[in-house]
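Only one structure is covered here, and it is reproduced in the block below.
Only heavy atoms go into these numbers, but all of them, side chains included; no hydrogens, no water, no symmetry mates. In this chain, numbering begins with 1 at the start of the sequence shown. Source: prediction; values computed, not measured. Order of listing sets the numbers, starting from 1, for every ligand and every atom in it.
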Amino acid sequence: MQGPVPRRGVQMKDLGLIENGGVAVAGEEILAVGKSEDVEGKVDLAEGCHVIDAKKAVVTPGLIDSHTHPVFSKTRETEYEMRIEGKTYAEIAREGGGIRASVRDMRETRTAKLIEQTAKRLDTMLSFGITTIEAKSGYGLSTEAEIKSLEIIQNLNETRVIDLIPTFMGAHEIPDEYRSNREEYISIIIEEMIPAVTKKKLAEFCDIFCEEEVFSVDESRRIMAAAKKAGMKLKFHADELAASGGSQLAAEMGAVSADHLVYISESGIKALAKSGTVAVLLPGTSFSLRSNYAPARKMIENGVTVALSTDCNPGSSFTESLPLMITLAALNYRMTAAESLSAVTVNAACAVDRGGKIGQLIEGLPADIVLWDMADYRELPYHYGVNLAKNVIKRGKIVVGAD
Ligand code: NIG
Ligand code: FE
């Protein structure tokens with residue numbers, strides 16, 4: 001994955017593949033990458049140094065999941081069944097289910113239990129080759145519960161192998177107690193939550209669900225302006241259920257990413273291409289909600305930086321498998337294996353404002369590496385529903401698979 005950062009248009013097809021390659025690691029960092037014989041010539045194997053014969057394995061950078069909502073307790077299979085029987089996601093939300101159901105549950109659940117349940121999800125992600133995730137709050141929706149959620153993310157980042165990049169999402173929904181007074185909830189986000197979160201340095205990003213029945217474009221502009229002023233970088237849930245203009249707003253405000261984009265308009269696509277805002281596409285959400293799929297090809301053709309993510313959450317996409325997203329992207333977005341690999345490594349790094357710092361196998365970068373049980377990288381979308389990650393190396397240590 002050496003070469004351009006981000007990968008746009010036809011560049012997404014360029015993996016910088018090295019046949020018979022080798023990677024040398026010292027401590028937590030990559031020391032050399034290239035043809036095996038060249039790497040061997042460049043480094044002295046220290047005594048006791050560990051050599052892994054990758055044999056016929058494909059070796060890639062650790063995957064980056066740039067959009068997750070992992071902190072929750074109760075799962076929502078009841079709603080899943082309701083959808084199977086014909087209800088829509090929006091109908092369930094209107095009736096008090098959806099995000100608000102997860103909020104009621106998260107507020108009641110003890111921190112220790114939430115940590116334990118979230119940690120299990122993180123370990124599953126790691127087993128699928130994911131070494132870094134972006135993690136959102138947004139099931140608290142009160143100052144106290146949002147802080148609780150972000151502190152859980154902080155705690156897990158310190159104690160678990162996988163890296164977590166924290167995002168504050170107090171504007172995920174209007175909670176039950178403010179349904180008839182949304183203005184007051186918006187004031188609480190702006191005047192209480194954003195200052196409290198930034199004071200405690202608990203979030204790098206601020207995200208919002210900008211959607212007709214959630215936060216309007218004007219409300220989103222106000223909330224996100226406050227977040228930006230407080231020093232947070234911006235992300236948007238945009239144009240997920242309808243074309244509401246969220247992507248244009250994300251571009252206008254210089255957001256790092258705009259996510260979902262199922263109903264993005266032509267002008268939204270042009271705006272993202274121009275601003276350099278990364279489009280984070282979430283095929284698992286379309287799959288799970290049986291909705292339309294984002295116009296990925298059109299975005300790629302127009303030079304938008306495209307990343308892929310799971311959207312792991314208890315409602316619209318309950319999965320920890322980024323490789324499965326690669327299969328869904330192949331069949332529904334018509335993205336090739338190479339394009340998808342770019343979308344979960346180099347471009348996903350850009351979606352979390354770490355372009356060129358993670359997501360590539362390059363000298364000096366953290367040694368986050370996956371060995372896949374396949375002889376050709378194109379097997380990744382094609383051989384689906386199984387876990388092909390054989391070994392996962394995080395900062396130079398083998399954390400999954402036999403040592
Ligand atoms: O990204 N769109 C908003 N938020 C989540 C769904 C959260 C939920 O249903 O709990 C999403 O799809
Ligand atoms: Fe989401």
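- In summary, the atoms of ligand 1 found under 4.0 Å from a heavy atom of His260, numbered by their order in the structure, are 1 (O), 2 (N), 11 (C), 12 (O).
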Tell me, with the steps shown, if His237 and His172 meet side chain to side chain donor-acceptor pair (under 3.5 Å). CA-CA 9 Å; His237 279 62; His172 197 188; 5.0 Å; no

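- Residues passing the side-chain hydrogen bond (donor to acceptor under 3.5 Å, both in side chains) test with Asp376 are Arg378, sequence neighbours excluded.
- Ligand 1 places these atoms under 4.0 Å from at least one heavy atom of Ile99: 7 (C), 8 (C), 9 (O), 10 (O).
- Below 3.5 Å of separation, one finds an N or O of Ser316 facing an N or O of ligand 1.
- When the shell of 6.0 Å around NZ of Lys357 is examined, it contains 12 or fewer heavy atoms from other residues, nucleotides or ligands.
- Inside a sphere of radius 2.8 Å centred on the Fe ion (ligand 2), the protein N/O/S atoms present are His67 NE2, His69 NE2, His237 NE2, Asp311 OD1.
- The proximity of Tyr139 to ligand 1, defined as any non-hydrogen pair under 4.0 Å, is limited to the side chain.
- Around atom NZ of Lys233, more than 12 heavy atoms belonging to other residues, nucleotides or ligands sit under 6.0 Å away.
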Run the side-chain donor-acceptor check on residues 22-37: report pairs under 3.5 Å with partners two or more places apart or on a different chain.
{"from": "Lys35", "atom 1": "NZ", "to": "Glu19", "atom 2": "O", "distance (Å)": "2.9"}
{"from": "Ser36", "atom 1": "OG", "to": "Gly21", "atom 2": "O", "distance (Å)": "3.1"}

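- Evaluation of the side chain to side chain contact (heavy atoms under 4.5 Å, CB included) rule for Thr78 yields no partner, not counting sequence neighbours.
- Of all protein heavy atoms, the one closest to atom 2 (N) of ligand 1 is Glu240 OE1, 2.7 Å.
- Checked by distance only, ligand 1 and Arg76 come closer than 3.5 Å through their nitrogen or oxygen atoms.
- Figure legend: Arg121 and Phe72 shown as a cation-pi pair, the cationic atom lying under 6.0 angstrom from the six-membered ring centre and within 45 degrees of its axis.
- In the displayed structure, Glu144 atom CD is contacted under 6.0 Å by at most 12 heavy atoms of other residues, nucleotides or ligands.
- If you look at His69 next to ligand 1, the close heavy atoms, those under 4.0 Å, all belong to the side chain.
- More than 12 non-hydrogen atoms from other residues, nucleotides or ligands lie less than 6.0 angstrom from CZ of Phe318.
- Among protein heavy atoms, the minimum distance from atom 11 (C) of ligand 1 is reached at Asp311 OD2, 3.1 Å.
- Contact of the Lys298 side chain with the Glu266 side chain is registered, since non-hydrogen atoms from C-beta on lie closer than 4.5 Å.
- By the 4.5 Å heavy-atom criterion applied to side chains, Glu339 and Arg297 are counted as neighbours.
- Tyr89 OH, 3.2 Å is the protein heavy atom nearest to atom 6 (C) of ligand 1.
- Per-residue contacts place His67 under 4.0 angstrom from the following atoms of ligand 1 (heavy atoms of the residue considered): 1 (O).
- In terms of protein heavy-atom proximity, atom 4 (N) of ligand 1 is closest to His172 NE2, 2.8 Å.
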